[in-house]
Amino acid sequence: MTRDAAAQAVHERLEHLVATLPEPDVEAGWAALVTQLELPVAPVVPLRRPRPRRALVLGAAAAVLIAGSALAVVRHGRDGGRPAQTPPPTTAPSHVGSGPRTHRSFSGPPTVSHPDPPPAGDGHQDGATGPSGGSASSGPSEDHTSDTHTGTTHHDGTHTPHHDAADDTDHGTGNDGSHDDNGQGNDVQGQDTQGNGSGGGSGNEQGSGGGKGSGNRGTGSGGANPNSGSGSDSGQASHGQGQGGGQGSNN
Amino acid sequence: MEVSAFQPSAANISAVSSDGNRGEPDGREHERALVARAKDGDQDAFGALYREHAAAVSRLVRFRLGREDEDAVSEVFLRAWRGLATYRDTGAPFAAWLYGIARHVAVDVVRASVRTEPRAEVPDVEVDPMTAELLTLHDAIDRLPTEQRQVIELKYLVGMSNTEVAAAMETSTGAINAKQWRALKALADVLEERT
């Protein structure tokens, strides 16, 4: 059977079914219906119940809210005169090491506070033996008698003699390192110590003693770094110029 | 076979409708006049509408519920009477409006019967062949798409012509012919699967 013939068969089945359905008793049905048509339809009354408890609950909630706000204001005003409690200052660990300090990446606040914070304004305590003055010069042998020597030492340890006056007191001109605070810490500008080196060297024939000017390093100090932020101190100081006081003596 | 074989004919309409002139302009004007009078509260006019459409509504309810239910038929006309004020003549026959109400009533009856707990065991009774055929076709029609199912119900159960079905579904007569054709083929496939 093709689909067309099947559709025709369904069409005939539907018509046959409708034709065989029994017809309702229309008059009896109308007689039963007309009695219901005359019945009055119940009016729809909007439901408006009085809700005294709603006002009570809302009033109580408002009272609690107002009381809470007032209490918060009172407490806030009472605590207003007190100094704000700050956490114990955490200082950055002092930089003890050799060579110029470089930026250090900061990773979070320090977990352990330093027990001995550096003295304020003293700069960093550098016991470093980095590129500092004071190293024995290996320059040409010269007798330096009573020669206040301004020893300028270089990184490579060579010494360039200077003939300064005896009363020449050069103050170290150590540059304070450029403090590059990347963080939020308050970096105290450090002060360079004067490179008041005292020449204690004794020259010999080889001239290896003159002007043992050990200029203190002008250690640019970042100062106490109370911040607990992510600032990194990069106080890189140049060399101070020490006073060479070397005395050349021929052995 | 061509689609034109399912074109509405006077024989088809008269076979399912008690009013053979309903598809003609005079029948529509007469129906509109009855509806207008019924909206004004004329029960006699509404009685005339009842007598005209009661058979179609009864078939539809019986087809949807699988049994005869006079209360459901009465509920359809009762809702129609109470809702006449909201009726708007959109060009569709009044039977299309009754068809929508009947579908809602059938759904409500089915839901109410589901909520009702059976008080006793339902005895096993023999289902007469007509009821079995009705249930078979009902299950098959329920599996059709909505538009195809509406075309079949309006065409065969309510007894509308294709023009009236087109007016009720707000489409063209040619579209109704095509939908009817596709619905019959789909019904044939469904019935063949069941057998």
Side-chain angles (χ1 to χ4, degrees), chain A residues 1-69 72, chain B residues 1-3 5-6 11-12 15-16 18 41 43-44 46-48 50-59 61-63 68 70-71 73-78 81-82 129-131 133-134 136-138 140-141 152-153 155-159 180-192:
Chain A
M1 179 182 292
T2 62
R3 295 191 67 191
D4 294 344
Q8 176 66 29
V10 172
H11 168 73
E12 291 175 355
R13 283 178 68 176
L14 285 170
E15 285 196 332
H16 177 71
L17 174 67
V18 171
T20 54
L21 287 177
E23 291 288 330
D25 189 353
V26 177
E27 294 302 327
W30 172 248
L33 179 63
V34 74
T35 58
Q36 298 181 36
L37 297 180
E38 295 173 352
L39 293 177
V41 179
V44 178
V45 179
L47 185 61
R48 289 184 179 277
R49 293 181 299 175
R51 299 179 183 275
R53 293 183 62 186
R54 173 184 290 181
L56 182 64
V57 169
L58 289 177
V64 169
L65 180 64
I66 293 172
S69 301
Chain B
M1 177 180 292
E2 297 178 0
V3 178
F6 298 100
N12 286 341
V16 296
S18 59
Q43 291 187 4
D44 293 337
F46 190 73
Y50 177 86
R51 293 183 181 89
E52 187 174 341
H53 299 286
V57 171
S58 178
R59 279 193 301 272
V61 168
R62 187 181 187 119
F63 189 78
E68 187 176 4
E70 294 180 357
D71 292 338
V73 175
S74 297
E75 179 67 19
V76 171
F77 282 96
L78 197 59
W81 169 256
R82 292 171 181 168
M130 184 198 65
T131 304
E133 174 74 357
L134 186 146
T136 300
L137 291 173
H138 172 263
I141 290 173
I152 293 295
E153 288 180 348
K155 170 74 178 176
Y156 293 97
L157 298 177
V158 181
Q180 180 186 351
W181 176 242
R182 286 195 294 269
L184 288 174
K185 288 198 293 186
L187 267 180
D189 294 338
V190 171
L191 292 171
E192 188 177 0

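Chain A is the first sequence line, chain B the second, and so forth, proteins listed ahead of strands; every chain is numbered from 1.
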Worksheet item: Is there any residue in residues 58-68 of chain A with a non-hydrogen atom under 4.5 Å from a non-hydrogen atom of chain B, and which ones are they?
Response: none

Practice prompt. Identify which part of A/Leu17 has an atom lying under 4.5 Å from any heavy atom of chain B, answering side chain, backbone, both or neither.
Written response: side chain

List the atom of [X], the atom of [Y], and the distance in Å for their closest heavy-atom pair.
X: B/Ala54; Y: A/Pro24; answer: O-CG, 4.2 Å
X: B/Trp181; Y: A/Ala7; answer: CZ3-CB, 3.9 Å
X: A/Leu33; Y: B/Ser74; answer: CD1-O, 3.5 Å

With a 4.5 angstrom heavy-atom cut-off, is it the side chain or the backbone of [X] that approaches chain A, or both, or neither?
X: B/Leu78; result: both
X: B/Leu137; result: side chain
X: B/Glu70; result: neither

Discussion item. To the closest 0.5 Å, what do you measure between OH (B/Tyr156) and NE2 (A/His16)?
Written reply: 14.5 Å

Worksheet, complete the sentence: CZ of A/Arg13 to OG1 of B/Thr136, rounded to nearest 0.5 Å, is 6.5 Å

Practice prompt. Please test A/Val34 against B/Phe46 for side-chain contact (heavy atoms from CB on, under 4.5 Å), starting from the C-alpha separation and ending with a verdict.
Written response: CA-CA 10 Å; A/Val34 74; B/Phe46 190 73; over 6 Å; no

Worksheet item: Quick one: of B/Leu134, B/Ile152, B/Val73, who has the most non-hydrogen atom pairs under 4.5 Å with chain A?
Response: B/Leu134

Practice prompt. Salt-bridge test for B/Lys155 and A/Glu15: reply yes if a basic N is under 4.0 Å from a carboxylate O, no otherwise.
Written response: no

Practice prompt. Test side-chain contact (heavy atoms from CB on, under 4.5 Å) on A/Glu27 and B/Arg51 and set out the steps.
Written response: CA-CA 8 Å; A/Glu27 294 302 327; B/Arg51 293 183 181 89; 2.8 Å; yes

Practice prompt. For the pair B/Leu184 and A/Leu14, evaluate side-chain contact (heavy atoms from CB on, under 4.5 Å) and give the outcome as yes or no after the intermediate values.
Written response: CA-CA 10 Å; B/Leu184 288 174; A/Leu14 285 170; 4.0 Å; yes

Item to complete: Starting from the C-alpha separation in whole Å, work towards a yes-or-no answer on side-chain contact (heavy atoms from CB on, under 4.5 Å) for B/Trp81 and A/Gln36.
Response: CA-CA 10 Å; B/Trp81 169 256; A/Gln36 298 181 36; over 6 Å; no

